Amino acid sequence: MENQGKIIVILGPTSSGKTDLSIKLAKKLDGEIISADSRQVYKGMNIGTGKVTKKEMAGIPHYLLDVANPKTRFSVAQYQKLALRAIKNIQNLPAQAGKNSPPTNFESQNKFGSKKISNSKLVGGKIPFLVGGTGFYIQSVADGIVIPEVKPDWRLRKKLEKLTTEQMFKKLKELDPKRAKSIDKHNPRRLIRALEIVLKSKRPVGSLSHSERFKTLFLGIKKDQKELNGLIKKRLLKRLDEGMINEVKRLHKSGISFKRLEEFGLEYRYVAQYLQGKLNYNEMVTKLEKEIEHYAKRQMTWFKRDKRIHWINPHTKKKLNEVVKLCKNFLIE
RNA sequence: GCCGGGGUAGCUCAGUGGUAGAGCACUGCUCUGAAAAAGCAGUGGUCGAAGGUCCGAUUCCUUUCCCCGGCA
């Protein structure tokens, strides 16, 4: 596959300092930032997702923030499409498709908002930084995984949800024995999607193909688990202080059901439970702290297996300079 | 001091005359349009202590220590 240019990925567990590092590097290396976070894509979800503020952006354009309404479901496939488009714009390469239809998704503006795409068209030739903690989203872009075309059909999914996982698995085995072989037969999400693909496309789920589209430098921020847990707690308390609970209240008032809020997980799930009286305040805070720790570990499990990642911990000026050098070398070669 | 209830995995607790389990925590893992989601697996206990009965006690008996209620 043709080389589509270079991108730099910054990843790491929650609270590890990705945002801060990405802005520093983007400034030094003339880059722009694409968020790779499955929750920061939603409008109005700011404090709970730790979205960068306009001020923190320090003039660096950010993409893929606030591109979706929390009432609707966003997904990797949409993310992949928008992120690839954003990369092209940052690099100032001609877009392949939809060149004439400016993505209105990028237009949103609030105090957390992202830069309009039209600006970067004029600038161009910059380095795209893909920054975030959602491994799957990063993979979809950096490895260019080919996601089956079949769109989610929520009516079908709801119907399939009534089956037990055993029944789902049995059905999949009949319709697509190959996929059934590799699938986690206890996982309803995976089973439902696999069935959805087969039922809608009338074809088996193809084997996963990826093709590296970009020359990519992977930087991973690594923190000692104890230190990270400390950072997690600190940041959780800060978020509460900044009005996280009101943010969730506001979202609920704007018409987002508690059920939907709980689907988002972490902050939104447990604050929603608190607001419904399912938890008291202390229970909410301790539960949330623990759940965020778990989440960070899950993120690391995902990242650990990727041997391309350069693990860094740029907590001093000297270390930061080393990282800058690493990036420069990558960009030169 | 007396009367109850209890001491079993890091925590909360279940259980049995044949050397023990659950949930949570902890550890490892999976990931094909929900991924902060959804799943999987594993480690872990001289069953408070000492005696006794018994082929065999964590389980029954005695003593003892500790905790929690009530009465004084």
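So that the names make sense, note that chain A is the first sequence line, chain B the second, and so on, each numbered from 1. Since this is a predicted model, take the numbers as computed values, not measurements.
- In the set B:C31, B:A38, B:U32, the nucleotide with an atom closest to the side chain of A:Ile197 is B:U32.
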Discussion item. I'd like to know whether A:Arg235 forms a side-chain hydrogen bond (donor to acceptor under 3.5 Å, both in side chains) with A:Thr14, so could you lay out the CA-CA distance, the side-chain angles of the two residues, the decisive distance to 0.1 Å, and finally the verdict.
Written reply: CA-CA 10 Å; A:Arg235 212 168 72 150; A:Thr14 183; 3.1 Å; yes

Atom pairs, N/O to N/O, protein against nucleotides 25-29 of chain B, distance under 3.5 Å?
{"residue": "B:C26", "atom": "OP1", "partner": "A:Lys290", "partner atom": "NZ", "Å": "3.2"}
{"residue": "B:C26", "atom": "OP2", "partner": "A:His294", "partner atom": "NE2", "Å": "2.5"}
{"residue": "B:U27", "atom": "OP1", "partner": "A:Gln225", "partner atom": "NE2", "Å": "3.2"}
{"residue": "B:U27", "atom": "OP1", "partner": "A:Lys297", "partner atom": "NZ", "Å": "3.1"}
{"residue": "B:U27", "atom": "OP2", "partner": "A:Lys297", "partner atom": "NZ", "Å": "2.2"}
{"residue": "B:U27", "atom": "O5'", "partner": "A:Lys297", "partner atom": "NZ", "Å": "3.1"}
{"residue": "B:G28", "atom": "OP2", "partner": "A:Lys297", "partner atom": "NZ", "Å": "3.2"}
{"residue": "B:C29", "atom": "OP2", "partner": "A:Lys304", "partner atom": "NZ", "Å": "2.7"}

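- Judged by the 6.0 Å and 45° rule, A:Arg298 forms no cation-pi pair with A:Phe136.
- Nucleic acid contact class of A:Gln299 (heavy atoms, under 4.0 Å, all strands): none.
- Across all strands, A:Thr49 comes closer than 4.0 Å to base atoms (heavy-atom distances).
- Note on A:Asp37 versus A:Arg39: no salt bridge recorded, every NZ/NE/NH1/NH2 to OD/OE distance being 4.0 Å or above.
- Among the atoms of the strands shown, only primed sugar atoms or phosphate atoms (P, OP1, OP2) are found under 4.0 Å from some heavy atom of A:Phe74.
- Heavy atoms of A:Arg179 sit under 4.0 angstrom from at least one base atom.
- Under the 3.5 Å distance criterion, with hydrogens and angles disregarded, a donor-acceptor pair is assigned to the side chains of A:Gln276 and A:Glu262.
- A side-chain N or O of A:Tyr295 and one of A:Gln299 form a donor-acceptor pair less than 3.5 Å apart.
- For the residue pair A:Asn313 and A:Lys223, a side-chain donor N or O sits within less than 3.5 Å of a side-chain acceptor on the partner.
- B:G23 sits 11 Å from B:A41 when the P atoms are compared, rounded to a whole Å.
- Side-chain atoms of A:Lys51 and A:Asn46 include a donor-acceptor pair closer than 3.5 Å.
- Contacts of A:Glu267 with the nucleic acid, taken as non-hydrogen atoms under 4.0 Å apart, include base atoms.
- Looking at the side chain of A:Lys151, the nearest of the listed nucleotides B:A35, B:A38, B:G33 is B:G33.
- In this structure, A:Gly48 reaches the bases: a heavy-atom distance under 4.0 Å links it to at least one base atom across the strands shown.
- Between A:His252 and A:Phe258, the ring-plane angle classifies as parallel under the 30° and 60° cut-offs.
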Worksheet item: If you write RNA chain B from 5' to 3' in dot-bracket form, with Watson-Crick or G-U pairs under 3.5 Å, [ ] for crossing pairs and | for pairs with another strand, what do you get?
Response: (((((((..((((....[..)))).(((((.......))))).....(((((..]....)))))))))))).

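- At a threshold of 4.0 angstrom between heavy atoms, the contacts of A:Pro152 include nucleobase atoms, whether or not backbone atoms are also involved.
- Among the atoms of the strands shown, base atoms are found under 4.0 Å from some heavy atom of A:Val205.
- Applying the 4.0 Å criterion to OP1 and OP2 of B:A35, one finds that A:Tyr137 has a side-chain N or O inside that range.
- Within a 6.0 Å sphere centred on CD of A:Glu149, other residues, nucleotides and ligands contribute 12 heavy atoms or fewer.
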